[in-house]
Amino acid sequence: TIERLQGYQINPVLETASRYVDRLTEGDCHELIADETGTRILAATRQSGTASELSHLSRGTRDQAALALRLALMEHRSVDSSRCPLILDDVFITSDDTRGDAAAYLLLEVASRGQQIIFFTCQNDVKELFARRHADVRYLEQAPAPVVAPIPLEPAPVL
């Protein structure tokens, strides 16, 4: 993510990501900024008076910051080039119900602006969360286990 940010105008991407992470964490993490070298992303939280490294955040807040950065990068990328699908795999694992609701609303909002989002999950409550919001939920059927026939062996020669 940091390498991709270096290729973009950092301020607009981080401004958008800050708005998103503020929504996702209900203001707990309210701003994402670049350090003075422009090589690291720092997060400002309610608990700390100064911005600190993402590694100092809880795992859940780091996950929401990563989602906010992905969404912001996709949004700003689409200004200069065609959109490509965003594929997410179980980004709700560390989310409580409140943050899960906030993430679902944000993903649906971004999708309503034309961003295709393919979201994989094995969690039934997450599938139901999106279904209640009339998202296009599809199920992948598990393929039946292949039947393996034993390999016929010739009897060993008797010596």
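Worth saying up front: this structure is predicted, and the values here are computed from it rather than measured. Positions are given from 1 along the sequence.
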* Neighbour count >12 (heavy atoms, 6.0 Å) for atom CZ, R132 -> yes
Note to self: For R59, is the CZ atom crowded, meaning more than 12 foreign heavy atoms sit under 6.0 Å from it?
What the structure shows: no
CG (L86) and CG (L107) are apart, to the nearest 0.5 Å, by 8.0 Å
Tightest non-hydrogen contact, residues C84 and Q115, listed as O-NE2, 2.8 Å
*asked:* Under a 4.0 Å threshold between the charged nitrogen and the carboxylate oxygen, would R46 count as salt-bridged to D22?
replied: no
inquiry  = Please determine whether a side-chain nitrogen of the Lys or Arg among R99 and E26 lies less than 4.0 Å from a carboxylate oxygen of the Asp or Glu.
reply    = no
What one should report as the nearest heavy-atom pair of A17 and A72 is N-CB, 3.6 Å
Carefully, step by step, assess V91 and D63 under the rule side chain to side chain contact (heavy atoms under 4.5 Å, CB included). CA-CA 7 Å; V91 295; D63 288 349; over 6 Å; no
message = Taking the side chain as everything from C-beta on, heavy atoms only, tell me whether L69 gets closer than 4.5 Å to L14.
response = yes
Smallest heavy-atom separation, V21 atom then T25 atom, equals O-OG1, 2.7 Å
Hits for side chain to side chain contact (heavy atoms under 4.5 Å, CB included) against R133, two or more places apart or cross-chain, chain-then-number order -> D101, A104, Y105, L108, L129
By side chain to side chain contact (heavy atoms under 4.5 Å, CB included), I33 pairs with (sequence neighbours left out) E31, L42, A51
Between V137 and K127 the two heavy atoms that sit nearest each other are CG2-O, 4.1 Å
Review point. Quick one: do E109 and R23 make a salt bridge, cutoff under 4.0 Å?
Key: yes
Using side chain to side chain contact (heavy atoms under 4.5 Å, CB included), reason through T16 and L71 one step at a time and then give a plain yes or no. CA-CA 9 Å; T16 301; L71 293 172; over 6 Å; no
ask   = Can you find a pair of side-chain heavy atoms, one from Q64 and one from S95, that are under 4.5 Å apart?
value = yes
Step-by-step side chain to side chain donor-acceptor pair (under 3.5 Å) determination, D28 to Q47: CA-CA 8 Å; D28 183 41; Q47 291 83 6; 2.9 Å; yes
If we count only N and O atoms by modelled type, under 3.5 Å, do the side chains of E75 and Y20 hold a donor and an acceptor together? yes
- Task: Just say parallel, tilted or perpendicular for the rings of F119 and F92, cut-offs at 30° and 60°.
- Result: perpendicular
Practice prompt. Would you indicate whether the side-chain heavy atoms of L67 and L24 approach each other to under 4.5 Å?
Written response: yes
Heavy-atom nearest pair, P85 first then I118, reads CB-CD1, 4.2 Å
Minimal heavy-atom distance between A43 and L32, with the atoms involved, is CB-CD2, 3.8 Å
In short, salt bridge (charged side-chain N to carboxylate O under 4.0 Å, His left out) pairs touching residues 89-98 with sequence neighbours left out are none
When rounded to the nearest 0.5 Å, the distance separating CZ of R62 from OG of S55 is 7.0 Å
_I want to check something: taking the side chain as every heavy atom from C-beta on, are S18 and H30 in contact at a cut-off of under 4.5 Å?_
no
dist F130:CZ -> D125:CG (nearest 0.5 Å) comes out at 11.0 Å
